[in-house]
Amino acid sequence: MRFRLSFAAVLALLAVFAFWVWPRMRVETNLLALLPSTTENRVQLEAVKKVADRSSRELVFIVGTAAPGKLRDTGLAFADALRASGAFARVDYVVDDRYIAAARADRDLRTGLLSSRDRDLLASGRVATLERDALRAAYTPLGFTRPFGIADDPLGLASSAFAEELPGTGRARLEGDILVAREAANGDAGATAGARAWTIVRAATAGDPYRTETHHDVMAAIDAARAAAARVAPDADIAGSGVILHAAAAASKAQTEVAIFGGFDLLAVVLLIVLVFRQVRPLIVTLLTIGIATCSAIAMCHFVFGEVHILTLTFGTSLIGVSVDYAMHYFVNRMPSSDGEPETHPHDIAPALILGCTTTVAGYLTFLIAPIPGLRQIALFSATGLATACAVVILLYPRALDLLSVGFRRLKLERSTTPRAVPRWVARLSRRRLENALPRAGIWALVLVMAGLGAAGLVRLESRDDVRSLQRPPPELVAAERKVRTLLGIGFDTRFVLVTAPTPDDVLRRLEDLDPVLRRLVEAKRIKGALSVSPSLVSLERQRADRALLAREVYAPGAALERVMVRLGFDADAVAARRAAFTAADRKFLTPEHWLESPLSAPVRHLWLGALGKDHAAVVLLDGNVAPDEVRTAVEAVPGVTYVDQVADISHVLGEYRRIASWLMLVVVTVMLACLLVFYRSGAAVRTAIPAAAGLALTLATLGWMHEPVNLFHVLSLLLVLGLGVDYAIILREGRNQQAVLAVFLSMTTTLISFGLLGFSSVPFVRSIGITVAFGVAYTFLIALAARPRTH
Amino acid sequence: MRAGLLVALLLAAASAPAADSAPVTNAAQLARLTRDTAKSLSGARAVRGRFVQRRQLAGLAKPLESSGDFLFARDVGIEWHTAQPFDSQFVLTHDAITQRDEGGEPLHISAADQPALTVVSRVFFALFALDFDALSQDFTMAGVDGGKEPWRLELKPKTAALGSVFRQATIAGDATVKTVTLNDANGDSTVIELRDVKYDAKGLTPDERRRF
């Protein structure tokens, strides 16, 4: 009955996995999903997410060639190939007249807009300067730089407001209709022959930047575009910058790692089983168990998180090595002892398996304490997989093996059902004891030496809580990004300024309050510049104030407009017409809705976050932020303004949780000892706990000797080692002598292989966990073996 | 030099009277058309001369007239010194515009802040240097042989970006560039007459260099 129910449950699980989870499964590759929620402030969190989502789609390419006449066509070939691929929602290369056309179309809405210089001049009564500029523009080539004609905009107010709102292009210059940046000539300012010129192509991906399909499309499109550019100019050189390039690189690396680690793991498990058991049934049954455990783990993540993170899968390969333990314990327990050992009957190992599974699952569940979504998924994945494997072994194995054995005999796959005896070398190892091999003094000496080495290692231990422990971008991407940044002369980083307020207009007002602060920071050379929706979008309050100023200083009878127009020779009708146009536009204001629809908002549209919970928000990006603390103090003096530094916040959170986890480790050791004291007599309890505790200390000492700075992930892995280590000690104590040694040896070997492989991961935190667990289980095994109880 | 050109043109006119205003658009033909100007220009490090600018604004009966002298320095910039109706110095380099006049604070506009500025400065440089490579990137050119001037080039912007500034530009001259006409997108048109143009192979004097 129990068997049938369990079997039905397994079938149901597999059916759900195959027909429900698998077709809907979404593999998340966003490394940001790993990042901790650094703040209790939900608005800020939402803002960070929104900014990241938007900017993750953006890509900047520089296309360079030394062939002077071919630059435009090379860029065009590149841009056209990107466009033709369909992988991009937007590809910008050739600069057209859309901005000025939009500004001309909105002429009436823009009558009230002023540049900051003109506003200052008008407000401070220096209107004469404006008038003089207007005359200069009429008589000198200066007039050609004004996008609005003199008859339409006699004082040039609309022209300068328009010029101010377009973001600068850094070191790039508009040449014809493309943006061109030239490498800074070494030494002499004169143009050096053969110097490479670069043009700029911007693009935004069409698909979700964190979907693997998008990565394939985008990377294929970039490769094709590179080839297209090379056909025009064989020396074409292209460098790109964008979050999606990082995501694609990380995802493809993670996929390779899943395949390699998983493959090696399975191979190792198969080899071990074949070598030790020399039977087909254990192999098949064990592989099936691993399969069922993996399916249930993936299904659990799918239902709880709605997706499975690619790094969970990378880490999940370790499930192969860990979940195989229970099956191996089961088979080892059925093995007869090898020569000479008094035969004992296989006993019910369910209690030992449950106890062991509980301690390991508890080890994984400690990962949940850190508010890092990626780590939580890993914990849930592993805990579910292990619990499933354990349940399968306890509930299904005896009957399933009997049934299989009948079938196998019929198919002549298996000659005998009698399990093979425990290999001789294990039997020998199990008889050998440290106490017999070494005199008591020798043992103490060994312990002292180990303690000394351990202490020396622990002294060397240092910690580093750095976001780099979460991800480390490939150097070639970093180099390409630096190249783009240097060439464009613009360097926005991950730190930004968040402005929130109850209404959109309040956000704009606060942005306008922030503007002078930012200008002062630029003048003081604390930042190089800032990118903001202000002054492209202006608050209603400011629009009203500017109109009042214009009405008084410019459009009033006998004021600046009339004086300039009369000087230039316009008649009274022309002056009246301009005045009428101003009055007619009186109730027309530039609104966020209209602005968002206009091409003019394109360069900064992504900085307008819109509604964010109950509030509205916008962000300001900082260019060349060299004095973060000073900048933070300055901008946060404006109400509703927060300086957001994700990287510092994350490092801070990592540090905080490392300390919490370290304390937790002490608590766990204490609690574990208490539990064992209840289960066993005091001496045995200590003997069961010592290997794990000493293993932890030695692992930390090894990290110290390796000069590997300890972070949260090492500490959490130690908690996992604790769970596994206690497992070993329990089995050594509970199991029959030879069989216990073999079971623990197999368990340690598979775990060592799984986590040892993770130690080669390119993802820093996966690597941290890998090496810590690998060293931890090895030490714990050796100590547990040496310290196992004398008799049983 | 000038005599040689005249002779050549007379001969050309005599042999092909029908070629009065047949436009040529081929680059090689264009180069041949203006070769004497181009030849004298190509050797020059600096060009000096006087100008009269007449700007016809939409809605004004009388053009706004200004005059002064100019200095074109290859690879450096253009200095446009207006003497009438007021004294004002306009200096255009690849990276910035600076305007100074007596009594007022100088106006400095950097190309990094105003990308459109580089479009204007590039056109000015190319017009003065008769740099066909640069001009042909931005304009489709049609040359007209004969007529009132020995040669005339009509330039129409190729790109929308430039089209939003200039609708058409015309350059005419003999051995030197004589007039430049710019029709801007706003309906205003500007005719610049260049007089006493002198080419100098030596380049700028130290005094002149300081002005940039």
Side-chain angles (χ1 to χ4, degrees), chain A residues 68-69 71-72 94-101 104 117 128-129 132-133 135-154 160 162-164 166-180 189-191 489 529 565 568-571 573-574 577, chain B residues 53 55 57-62 64-66 68 75 78 80 82 84-86 88-90 92 94-95 97 99 101 103-105 107 109-124 133-134 137-138 157-166 182 184-188 190 192:
Chain A
L71 183 61
R72 187 177 187 277
V94 167
V95 178
D96 56 19
D97 61 340
R98 75 183 86 156
Y99 294 146
I100 183 64
R104 281 174 183 153
R117 176 178 184 264
T129 307
R132 202 198 52 209
D133 287 350
L135 292 176
R136 290 199 291 203
Y139 285 99
T140 71
L142 189 65
F144 294 116
T145 66
R146 296 196 162 178
F148 291 96
I150 291 179
D152 180 34
D153 182 28
S160 45
F162 172 75
E164 189 179 64
L166 287 181
T169 52
R171 290 191 50 225
R173 297 284 174 270
L174 201 55
E175 291 190 7
D177 56 356
I178 58 168
L179 282 168
V180 177
M565 288 185 82
L568 292 177
F570 285 96
D571 57 21
D573 288 350
Chain B
Q53 174 186 303
R55 188 155 200 195
L57 299 184
L60 269 192
K62 223 170 53 177
L64 305 173
E65 190 177 301
S66 58
D75 303 328
I78 298 171
W80 198 260
T82 306
Q84 291 295 331
F86 47 77
S88 172
Q89 184 204 28
F90 172 88
L92 177 71
H94 285 288
D95 278 327
I97 281 178
Q99 183 137 12
D101 45 12
E105 52 191 286
L107 181 72
I109 309 171
S110 126
D113 298 332
Q114 289 201 19
L117 199 65
T118 43
V119 178
V120 176
S121 68
R122 231 166 86 95
V123 171
F124 264 76
D133 280 341
Q137 278 179 32
D138 295 332
K158 270 184 182 169
T159 64
L162 195 56
S164 69
V165 185
F166 299 115
L182 296 164
D184 30 329
N186 306 309
D188 301 344
T190 307
I192 303 169

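In what follows, every chain begins at residue 1, and chains take the letters A, B, ... in the order their sequences are listed. Keep in mind that this is a model prediction, so the values were computed, not measured.
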Spell out, as yes or no, whether a donor-acceptor pair under 3.5 Å connects the side chain of Gln53(B) to the backbone of Thr190(B).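 Not confirmed, Gln53(B) side chain does not pair with Thr190(B) backbone.
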State whether the side chain of Ser66(B) and the backbone N or O of Thr82(B) hold a donor-acceptor pair below 3.5 Å, judged by distance alone.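 Absent.
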Over all heavy atoms of both residues, which pair between Tyr99(A) and Phe162(A) is shortest? Give the atoms and the distance, please. O-CE1, 3.7 Å
What residues form a side-chain contact (heavy atoms from CB on, under 4.5 Å) with Gln84(B), not counting sequence neighbours? Ser67(B)
Using the test side-chain contact (heavy atoms from CB on, under 4.5 Å), find all partners of Asp133(A) that sit at least two apart in sequence or belong to another chain.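 With sequence neighbours excluded, Asp133(A) shows a side-chain contact (heavy atoms from CB on, under 4.5 Å) to Arg117(A), Thr129(A), Arg136(A), Arg146(A), given in chain and number order.
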To the nearest 0.5 Å, what is the distance between CG (Asp177(A)) and CZ (Arg72(A))? 4.0 Å
Could you give the distance from CG (Asp97(A)) to OG1 (Thr159(B)), rounded to the nearest 0.5 Å? 9.0 Å
So for [X], is it side chain, backbone, both, or neither that comes closer than 4.5 Å to the heavy atoms of chain B?
| X | result |
| --- | --- |
| Arg104(A) | side chain |
| Pro141(A) | both |
| Ala138(A) | both |

[X] versus chain A, the contacting section by heavy-atom distance below 4.5 Å:
| X | answer |
| --- | --- |
| Leu162(B) | neither |
| Leu92(B) | neither |
| Ile78(B) | neither |
| Pro157(B) | neither |

Looking at [options], which has the largest count of heavy-atom pairs under 4.5 Å with chain B?
| options | value |
| --- | --- |
| Leu568(A), Ile100(A), Val94(A) | Leu568(A) |
| Ala577(A), Gly143(A), Gly529(A) | Gly143(A) |
| Leu135(A), Leu142(A), Ile150(A) | Leu142(A) |

